[in-house]
Amino acid sequence: MTVLLINPNGSAAATAAMLAIARRHLARVAGWTNPAGPPMITDAEGLARAGRQIAEADLPDADGLIVAAFGDPGAAALAARHRAPVVGIGAAAARAASRGGAAFAVATTTPDLRGPINRLMAEAGAEGEFLGTFVTPGDPVALLGDPPALDAALLRACTAAEAAGARRIIIGGGPLASAADRLSDQVSADLVQPVPEACRALAALLR
């Protein structure tokens with residue numbers, strides 16, 4: 001079976017990073033990068049625009065689809081249009097983080113996406129207690145281009161989430177997949193990584 005990892009952002013480098021992670025969990029994964037997408041979705045308007053682009057995209061055939069941007073843009077429309085199962089990395093991470101009634105939070109770089117993220121987390125993570133989205137300061141695109149600064153800023157956001165009582169923390173954002181990988185051993189709370197969780201959820205559906 002072939003899985004298509006859909007990057008609603010326009011960054012081929014982010015697609016490659018997410019594919020490298022996804023291929024640890026799924027045998028056959030191909031990538032698709034949104035040709036009209038920005039390097040990083042940073043606000044609600046961009047999220048909605050990406051959702052429309054993904055919903056209308058001419059995608060390669062696949063047995064399962066992963067929407068690999070944290071707000072899951074276009075995932076619902078794809079699920080209505082395709083017979084193959086569709087999993088968004090945001091909803092998959094929320095379900096995993098909330099399992100067993102756990103208190104959980106999000107650490108991310110996009111303050112202007114706090115509203116859509118909070119709504120998605122509260123809905124998909126209803127099994128647990130969602131404590132909110134903890135964001136890094138500064139320009140998210142510039143931060144993405146400076147991995148050491150990105151890691152340090154996300155680590156501070158995780159520390160704030162832990163102080164608020166989070167037992168599990170999601171690193172929220174498709175382009176942040178590599179950062180989530182790097183931080184996995186540096187956070188006391190359980191770190192939930194969206195791309196692996198989406199891969200596990202899709203594998204279960206395909207079985």
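Note that these values count all heavy atoms, side chains included, but never hydrogens, waters or copies made by symmetry.
- Between the side chains of N7 and T33, no donor-acceptor pair is found at a separation under 3.5 Å.
- Annotation: side chain of P147 is in contact with side chain of R182 (closest heavy-atom distance under 4.5 Å).
- I171 and L155 fall within the same hydrophobic cluster, where Ile, Leu, Val, Met, Phe, Trp and Tyr residues are linked whenever their side-chain heavy atoms come under 4.5 Å apart, directly or through other members.
- A donor-acceptor pair under 3.5 Å links the side-chain atoms of D72 to the main chain of G90, judged by distance alone.
- With rounding to the nearest 0.5 angstrom, the CG atom of L131 is 8.0 Å from the CZ atom of F104.
- Distance CZ/R168 to CD/E162: 14.0 Å, rounded to 0.5 Å.
- Residue-environment remark: CD (E123) stays at or below the threshold of 12 foreign heavy atoms within 6.0 Å.
- Annotation for P39 and S11: closest pair O-CB, 3.7 Å, computed over non-hydrogen atoms.
- Across all non-hydrogen atoms, the minimal contact from I41 to A50 is CD1-CB, 3.6 Å.
- From L154, atom CG reaches atom CD of Q186 across 10.5 Å, with rounding to the nearest 0.5 Å.
- Side-chain contact between R95 and E127 is absent, with no heavy atoms from C-beta onward closer than 4.5 Å.
- Closest approach of A91 to L120, counting heavy atoms only: N-CD2, 4.0 Å.
- Under a hydrophobic clustering in which Ile, Leu, Val, Met, Phe, Trp and Tyr are joined whenever their side-chain heavy atoms come within less than 4.5 Å, directly or via other members, V3 and V87 fall into the same cluster.
- At least one donor-acceptor pair under 3.5 Å links the side chain of R23 to the backbone N or O of V29.
- Considering only heavy atoms from C-beta on, I54 comes within 4.5 Å of W32 through its side chain.
- With a 4.5 Å cut-off on side-chain heavy atoms, F70 and L113 do not count as touching.
- By the 4.0 Å N-to-carboxylate-O rule, R24 lies close enough to D181 to be salt-bridged with it.
- A distance of 14.0 Å separates CZ in R114 from CE in M121, rounded to the nearest 0.5 Å.
- To the nearest 0.5 Å, atoms OG (S178) and CD (Q193) are separated by 9.5 Å.
- Residues L206 and L26 form no side-chain contact, since every pair of their non-hydrogen atoms from C-beta on lies 4.5 Å or further apart.
- The shortest non-hydrogen separation linking A177 to M18 is CB-CG, 3.7 Å.
- Residues L59 and I66 do not share a hydrophobic cluster, clusters being chains of Ile/Leu/Val/Met/Phe/Trp/Tyr side chains in contact below 4.5 Å.
- Rounding to the nearest 0.5 angstrom, the gap separating the CG atom in L183 from the CD1 atom in I169 is 10.0 Å.
- Remark: the backbone N or O of P140 is not paired with any side-chain donor or acceptor of T109 at under 3.5 angstrom.
- For the pair E197 (side chain) and I89 (backbone), a donor-acceptor distance under 3.5 Å is absent.
- Formation of a donor-acceptor pair under 3.5 Å by the N34 side chain with backbone atoms of N9 is not found in this model.
- Hydrophobic clustering keeps I21 apart from L176 (ILVMFWY residues linked when any side-chain heavy atoms are closer than 4.5 Å, directly or through intermediates).
- Both L5 and M1 are assigned to one and the same hydrophobic cluster, defined by single-linkage of ILVMFWY side chains at heavy-atom distances under 4.5 Å.
- Nearest approach of R200 to H25, heavy atoms of both residues: NH2-CE1, 3.6 Å.
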Under the side-chain contact (heavy atoms from CB on, under 4.5 Å) rule, what do T110 and M40 come out as? Steps first, then yes or no, please.
-> CA-CA 9 Å; T110 49; M40 186 176 187; 4.0 Å; yes
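- The two residues A105 and F134 have their closest heavy-atom pair at CB-CE1, 3.7 Å.
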